[in-house]
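To start, the structure itself, in structure tokens.
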Amino acid sequence: MASTSSAKPAAGVVAAEAAAPDPLVHVAFNQHGTHFVAATETGFHVFSCDPLERVMHRSGPTVASPGGTVSSAELLTRSQLAVVTRRPNEDDVIDFWNGMCKEGKVASVTSSHHRAVGGIRLQGEYMLVAGEEKARLYFGGSREKDVTTGPNPLGLCAMAAGTTEGQGTGSSVVSYALPRKLLGEVQVRRRCTPGSVDVRAHDSAVACIALSRDGRLLATAGTRGTLVRVFSTTDGAKLQELRRGTDGATIHCTAFSPDSKWLAVTSDKTTVHVFRLADFDLAGSSPEDGGDFVLLPASPMTSPSAKQGSSLSFLKGYLPTYFSSEWSFAHFRVRKATKYSIAFDQQRPNTITIVGVDTSFYRCEFDPVKGGAMRELKYYRNFMHAATK
């Protein structure tokens with residue numbers, strides 16, 4: 001924080017540095033990957049990705065009242081977002097913003113189990129809030145369902161909205177994923193459907209979860225950070241196992257491409273990975289299907305449709321997962337190890353955008369046939385400056 005002293009700056013010190021912008025506490029993309037929000041303790045900034053431009057900014061007491069700080073923000077559209085503010089000895093509050101105007105607020109905490117908001121996700125009129133040991137689904141600002149998760153210090157949660165098929169209605173099917181009480185397990189739920197599809201994803205604690213945009217696929221990473229697994233949300237079957245590396249890492253973000261053909265992964269290492277996903281045959285199932293809910297053990301990949309991987313695939317089930325897991329198809333090396341968020345470009349195939357809490361910004365492109373090292377298209381060391389020139 002800047003000093004409150006009235007002393008003049010020493011010779012050779014640029015006075016403007018005392019008013020340096022607050023460091024970022026959170027970065028996140030909207031659901032289409034066209035914009036992202038960067039939150040500081042005192043406000044938020046919304047940027048477009050292509051071109052990189054700041055389209056909205058708000059800070060000061062209208063965002064965080066005296067004694068309060070912003071802990072995170074989630075973007076729905078370029079001008080609609082939810083901002084979490086935290087005050088000592090009080091419940092966290094989620095404020096909704098539409099353009100430059102604050103629309104309303106939801107007191108997301110009503111019990112000791114929900115004292116702190118760990119994560120939020122937005123889909124249309126739906127909001128999923130992950131607390132310390134419980135999560136809550138909202139619809140139109142009204143509380144709809146509480147779900148027990150057990151300890152969730154990372155605020156893990158994911159939400160997607162698919163559509164029904166074969167009924168001509170085009171109605172939305174909202175799916176959401178949360179940790180379970182048992183170590184390494186994830187639950188997938190669907191609005192207005194009782195029960196859950198429960199998956200034993202990892203032997204270690206779950207560190208990251210993501211849903212494909214249609215809600216049919218679930219990607220998970222454990223705290224070891226060596227493997228990322230992909231499951232069907234219809235029955236919990238493991239479809240593919242992806243290897244980030246052999247050394248441990250903290251997975252920060254996983255993101256599906258709009259067509260669910262690729263999965264991007266960032267970690268506390270300097271390499272960003274893109275994996276090719278197999279052509280899963282999910283035509284016989286849809287997110288609204290019912291059926292028995294299952295709990296599956298963590299086992300070698302069961303899908304025969306996976307096209308990449310070890311040439312020893314006929315021995316899957318007998319060899320260690322090192323041989324049966326699949327390595328990344330494309331990769332990109334960032335300049336610094338920090339916490340990054342990642343998204344696929346909806347308009348330009350095979351292009352990804354990477355933003356870091358250190359204010360770095362990358363756009364890069366991979367060859368969908370050859371793979372390998374990605375081509376850097378844009379880089380800014382500080383997007384806060386570059387986008388406001």
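Model, not experiment: these values are computed from the prediction. Index from 1, following the sequence.
- The side-chain tip of R276 points at the ring of F329 from less than 6.0 angstrom away and within 45° of straight on.
- The ring of F275 has its center no closer than 6.0 angstrom to the ring center of W327.
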Could you walk me through whether F332 and Y362 pass the ring pair (Phe, Tyr, Trp, His ring centres under 6.0 Å) check? CA-CA 10 Å; F332 179 78; Y362 302 84; 5.5 Å; yes
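- R229 contributes atom CZ, which lies 10.0 Å from atom CG of L242 (distance to the nearest 0.5 angstrom).
- Note on L377: it does not cluster hydrophobically with I352, by side-chain heavy-atom contacts below 4.5 Å among ILVMFWY residues.
- Note that R335 lies in the cation-pi zone of Y379, set by a 6.0 Å cut-off to the ring centre and a 45° limit from the axis.
- Side-chain rings of F47 and F36 approach one another, their centers coming within less than 6.0 Å.
- Distance alone, capped at 3.5 Å, is enough to place a donor-acceptor pair between the T233 side chain and the G215 backbone.
- Partner of W262 under the ring pair (Phe, Tyr, Trp, His ring centres under 6.0 Å) criterion, out of F366, F344, F256: F366 alone.
- With 3.5 Å as the limit, one finds a donor-acceptor pair spanning the side chains of R189 and Q187.
- No close placement of the H273 and H331 rings is indicated, their centers lying 6.0 Å or farther apart.
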Just distance, no hydrogens or angles: give the donor-acceptor pairs under 3.5 Å from side chains in residues 148-159, sequence neighbours left out.
residue, atom, partner, partner atom, Å
T149, OG1, E133, O, 3.1
N152, OD1, G155, N, 3.3
N152, OD1, L156, N, 2.9
N152, ND2, L156, O, 3.1

